[in-house]
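All remarks here apply to the structure that follows.
Heavy atoms only: backbone and side chains are in, while hydrogens, waters and symmetry mates are out.
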Amino acid sequence: METNSSVRVRFAPSPTGFLHIGGARTALFNWLFAKHHGGTYILRIDDTDEQRSTQESMQQIYDSLKWLGLDWDEGETVGGDYQPYVQSQRRKIYQKYIQNLLENDNAYYCYCTPEELSQIREHARAENRNQSYNGKCRNLTEKDHRKFEAEGRKPTVRIKVPNQPILVQDLILGETQIAPSSLQDEVIVKSNGAPLYNLTSIADDIEMQVTHVIRGADHLNNTSKQIMIANALSAKIPQFAHLPMVLGSSKGEKLSKRHGATSVDQYRKDGFIPEALINFLVRLGWSLDDKTEILSINDMIDNFSLSRIGKSGSVFDVKRLEWLNNHYILKLNLAKRTSAVIPFLQRDGLLEDNFSNEERPWLEKIVESVGDRLTTLADITTYTKFFFTDDFDYHPKDVKKWLTKGDPVAVLSGARDTLLAIENFDLDTVESKIKDYLNKLEIKRIQVMQPLRLALSGQTFGPDLFTIIILLGQEKTISRINRLIDYIPTINKRSAN
RNA sequence: GCCCUCUUCGUCUAGCCAGGUCAAGGACACCAGCCUUUCACGUUGGUAACGCGGGUUCAAAUCCCGCAGAGGGUACCA
């Protein structure tokens with residue numbers, strides 16, 4: 001493994017909502033890059049958007065990152081040499097940068113009103129240029145300033161586009177030159193005095209000694225603006241790596257709610273586990289070789305490299321996530337799997353919030369009976385509901401398929417009597433007695449097993465039938481069979497209604 | 001419109017930089033068989049891709065040019 005302790009990276013979300021999938025991948029890649037190089041991973045909150053940033057979002061992002069296991073070395077909650085790590089608390093620091101820019105004539109005050117600006121924008125567009133500002137206030141005289149101030153106009157601060165092209169060197173995308181003509185004098189401080197993202201982001205990257213900026217490709221255009229600012233400051237710029245976008249469908253659209261859940265928190269609620277999500281995310285744009293799909297965190301850390309990240313966007317395919325989720329749930333030992341599943345049983349009202357420890361062994365047996373069927377933790381309810389409650393229906397389709405042919409009442413009665421006669425009600429005995437019974441009948445096993453399944457669980461899928469019988473116990477098993485036997489004569493009446 | 005970027009099976013990707021071993025490999029999904037008390041799992045097999053057009057070369061998925069398509073940006077958002 002390469003070791004370069006001077007590597008410093010950051011994940012800098014804006015707290016305007018939950019942590020979404022794309023953000024989680026960006027965080028993961030930064031985290032892996034830092035771990036791989038023995039460097040430092042910083043969590044910074046870029047909350048310069050006063051309108052949309054909220055405390056709740058900040059907390060949600062922290063929670064999601066922690067749930068994923070992406071702990072940070074420096075940041076609001078853990079400290080570090082560059083506190084504070086929340087941009088809204090760093091205004092004083094940016095002031096220094098703004099002064100520098102202004103004093104060296106690399107930035108200037110602009111008094112244009114929103115109306116004037118939109119006119120300029122329209123004009124530029126009519127001429128097929130993409131600049132929305134024309135440098136109108138670049139060369140204001142002292143007199144102009146006084147006049148505007150007297151009118152009560154509050155100025156913004158704009159950075160001056162240099163004459164030379166901006167060179168953007170990207171570790172993933174390669175090198176591009178951005179002509180001054182396709183850049184414009186960006187606003188870096190709002191008229192209310194609030195510094196804007198493109199200033200604060202690069203200022204903090206410089207300030208915090210960030211060596212590599214790894215972020216989504218949606219920031220590609222911002223990078224040239226930020227390099228322009230850093231150049232004006234004569235500051236050393238970090239290296240950049242833009243991650244291709246995470247897309248929502250094969251049409252190549254950016255991932256959005258229309259394509260299903262987009263937040264990490266929603267996937268947690270849906271019963272996905274962090275190991276699966278991490279493994280899924282790391283393979284979105286990155287690969288180790290031509291065949292490795294499953295990687296442990298250590299595998300990822302040992303092998304992670306920016307050079308193996310592709311250039312094109314990746315579609316978020318939930319089927320792949322489900323496959324990984326099933327895989328990682330299986331890797332959980334019974335105790336862990338049981339613990340993981342408990343909140344979902346509680347959520348679905350099958351288990352008391354304060355269930356007793358005595359129930360734990362029984363719970364574990366139920367979870368064990370489910371075997372490898374869980375795609376998500378939330379699936380536990382589907383497979384085990386009938387263990388917890390008698391309140392279940394028989395699906396009409398199953399009823400029609402298994403209870404309307406032959407003589408199900410006789411078949412079930414026979415099975416019931418067989419079970420009733422058993423003294424040692426254990427798995428081996430139950431299994432052998434039932435099999436003896438099956439062998440005596442002249443119908444296919446399935447014709448007995450499925451009606452029994454329906455009687456006991458209301459379903460024709462799920463755990464091993466003999467295990468279900470044992471977990472339910474003799475008494476409940478018998479009464480549920482009787483319940484179905486009583487139900488069968490009413491079937492025709494029901495369908496007639 | 002303008003600027004920037006991208007383009008291998010339906011999806012994630014390997015291969016591309018250092019052209020031949022690629023009549024393109026793996027995985028998810030899908031389909032079929034096997035296994036089986038159900039559903040899953042597992043297992044065996046199958047369908048399926050180098051966006052298009054030029055060029056360079058003995059040879060191009062790989063290099064060059066053009067086109068098309070897609071994405072991102074174009075804010076006193078990030």
Side-chain angles (χ1 to χ4, degrees), chain A residues 12-16 46-53 110 112 114 117-118 121 124-133 154-158 168 170 173-174 176 178-179 181-184 186-192 194 196-198 200-201 215-224 242 244-245 247 249-254 280 283-294 307-308 310-324 326 330 370-375 382-383 431 434-435 438 444-446 448-450 452-454 457 459-466:
Chain A
S14 77
T16 55
D46 283 10
D47 60 344
T48 41
D49 187 337
E50 306 161 288
Q51 303 296 316
R52 297 188 303 150
S53 295
C110 168
C112 292
L117 255 20
S118 70
R121 223 186 327 264
R125 178 135 187 163
E127 289 182 354
N128 286 345
R129 288 181 292 113
N130 84 321
Q131 287 98 328
S132 58
Y133 188 66
K154 296 274 182 259
T156 60
V157 178
R158 287 184 185 270
V168 180
D170 188 280
L173 264 13
T176 35
I178 309 294
S181 62
S182 58
L183 255 13
Q184 63 178 351
E186 294 289 333
V187 173
I188 56 174
V189 181
K190 300 214 291 187
S191 55
N192 67 1
L196 251 12
Y197 171 75
N198 279 314
T200 60
S201 179
R215 73 203 338 178
D218 48 341
H219 282 288
L220 202 51
N221 292 278
N222 288 329
T223 299
S224 49
H242 290 92
M245 305 297 289
L247 310 171
S249 79
S250 49
K251 286 186 191 142
E253 297 160 311
K254 191 176 175 182
F280 174 77
R283 289 284 291 100
L284 228 47
W286 179 84
S287 63
L288 171 59
D289 53 31
D290 59 345
K291 51 178 74 70
T292 309
E293 302 290 349
I294 307 283
S307 67
R308 289 201 63 84
K311 294 180 175 185
S312 52
S314 326
V315 174
F316 185 98
D317 180 7
V318 77
K319 290 284 184 190
R320 249 183 95 78
L321 211 208
E322 286 174 351
W323 164 65
L324 283 163
N326 174 259
L330 254 39
V370 176
D372 50 28
R373 292 173 181 80
L374 298 178
T375 295
T382 309
Y383 287 109
E431 185 164 349
I434 288 288
K435 282 186 174 165
L438 289 169
K444 285 184 186 167
R445 288 182 163 201
I446 193 87
V448 184
M449 299 298 268
Q450 291 295 57
L452 263 180
R453 230 171 229 293
L454 276 174
S457 70
Q459 297 169 329
T460 51
F461 61 86
D464 168 67
L465 185 60
F466 304 112

To the nearest 0.5 Å, how far apart are [atom1] in [X] and [atom2] in [Y]?
| X | Y | atom1 | atom2 | result |
| --- | --- | --- | --- | --- |
| A:Arg121 | A:Arg129 | CZ | CZ | 13.0 Å |
| A:Asp218 | A:Met245 | CG | CE | 4.0 Å |
| A:Ile188 | A:Thr156 | CD1 | OG1 | 9.0 Å |
| A:Leu438 | A:Ile446 | CG | CD1 | 10.5 Å |
| A:Lys154 | A:Lys190 | NZ | NZ | 15.5 Å |
| A:Trp323 | A:Thr375 | CH2 | OG1 | 13.0 Å |

Counting the atoms with a prime plus P, OP1 and OP2 as sugar-phosphate, which does [X] contact under 4.0 Å by heavy atoms, base, sugar-phosphate, or nothing?
| X | answer |
| --- | --- |
| A:Arg215 | nothing |
| A:Ile446 | sugar-phosphate |
| A:Phe280 | nothing |
| A:Leu452 | nothing |
| A:Ser312 | sugar-phosphate |
| A:Ser191 | base |
| A:Asn326 | nothing |

Could you tell me how far [M] sits from [N] if I compare only their [atom1] atoms? Round to whole Å.
| N | M | atom1 | answer |
| --- | --- | --- | --- |
| B:C50 | B:A32 | C1' | 28 Å |
| B:A48 | B:G42 | P | 25 Å |
| B:U44 | B:C52 | P | 34 Å |
| B:G69 | B:C31 | P | 34 Å |
| B:U7 | B:U62 | P | 12 Å |
| B:A27 | B:A68 | P | 38 Å |

Side-chain contact, heavy-atom cut-off 4.5 Å: A:Met449 with A:Lys444? no

To the nearest Å, how far apart are [X] [atom1] and [N] [atom2]?
| X | N | atom1 | atom2 | result |
| --- | --- | --- | --- | --- |
| A:Arg121 | B:U74 | CZ | C1' | 9 Å |
| A:Trp286 | B:U13 | CH2 | P | 12 Å |
| A:Asn198 | B:G73 | CG | C1' | 11 Å |
| A:Glu322 | B:C12 | CD | P | 16 Å |
| A:Phe316 | B:U11 | CZ | C1' | 12 Å |
| A:Leu173 | B:C4 | CG | P | 13 Å |
| A:Leu183 | B:C2 | CG | P | 18 Å |
| A:Leu220 | B:C3 | CG | C1' | 11 Å |

Return the nucleotide paired to [N]: Watson-Crick means purine N1 to pyrimidine N3 with N6-O4 or O6-N4, wobble means G-U with N1-O2 and O6-N3, both under 3.5 Å.
| N | result |
| --- | --- |
| B:G51 | B:C67 |
| B:C17 | none |
| B:C34 | B:G42 |
| B:C22 | none |
| B:U11 | B:A27 |
| B:G1 | B:U74 |
| B:A60 | none |

Looking at A:Asn222 and B:A78, is any side-chain donor or acceptor paired with a base atom of the opposite kind under 3.5 Å? yes

Tell me if the side-chain of A:Thr460 makes a donor-acceptor pair with the base of B:C39, cut-off 3.5 Å, by modelled atom types. no

Side chain of [X], heavy atoms from C-beta onward: which of [options] has the nearest atom to it?
| X | options | answer |
| --- | --- | --- |
| A:Arg308 | B:A75, B:G15, B:A78 | B:G15 |
| A:Phe461 | B:U11, B:C39, B:C41 | B:C39 |
| A:Ser14 | B:A78, B:C12, B:C76 | B:A78 |
| A:Asp46 | B:C3, B:C76, B:A78 | B:A78 |
| A:Asp218 | B:G72, B:U5, B:G1 | B:G72 |
| A:Ser182 | B:C4, B:U11, B:C3 | B:C3 |
| A:Ile178 | B:C28, B:C4, B:C41 | B:C4 |
| A:Leu196 | B:C39, B:U13, B:C76 | B:C76 |

Give a yes/no on whether any side-chain N or O of [X] is located under 4.0 angstrom from OP1 or OP2 of [N].
| X | N | answer |
| --- | --- | --- |
| A:Thr48 | B:A78 | yes |
| A:Thr16 | B:A78 | no |
| A:Arg373 | B:G42 | no |
| A:Ser314 | B:U13 | yes |
| A:Arg125 | B:C2 | no |
| A:Lys311 | B:C6 | yes |

Is A:Arg373 reaching over with its side chain to a backbone N or O of A:Val370, donor-acceptor style, under 3.5 angstrom? yes

Angle between ring planes, A:Phe461 versus A:Tyr383, binned at 30° and 60°: parallel, tilted or perpendicular? perpendicular

Derivation and outcome, side-chain hydrogen bond (donor to acceptor under 3.5 Å, both in side chains), residues A:Arg215 and A:Thr223: CA-CA 10 Å; A:Arg215 73 203 338 178; A:Thr223 299; 2.9 Å; yes

A:Arg158 charged N/C atom sitting above A:Tyr133 aromatic ring, 6.0 Å / 45°: yes

Please encode protein proximity along nucleotides 17-27 of chain B as a string of B, S and -, counting only heavy-atom distances under 4.0 Å. --------BBB

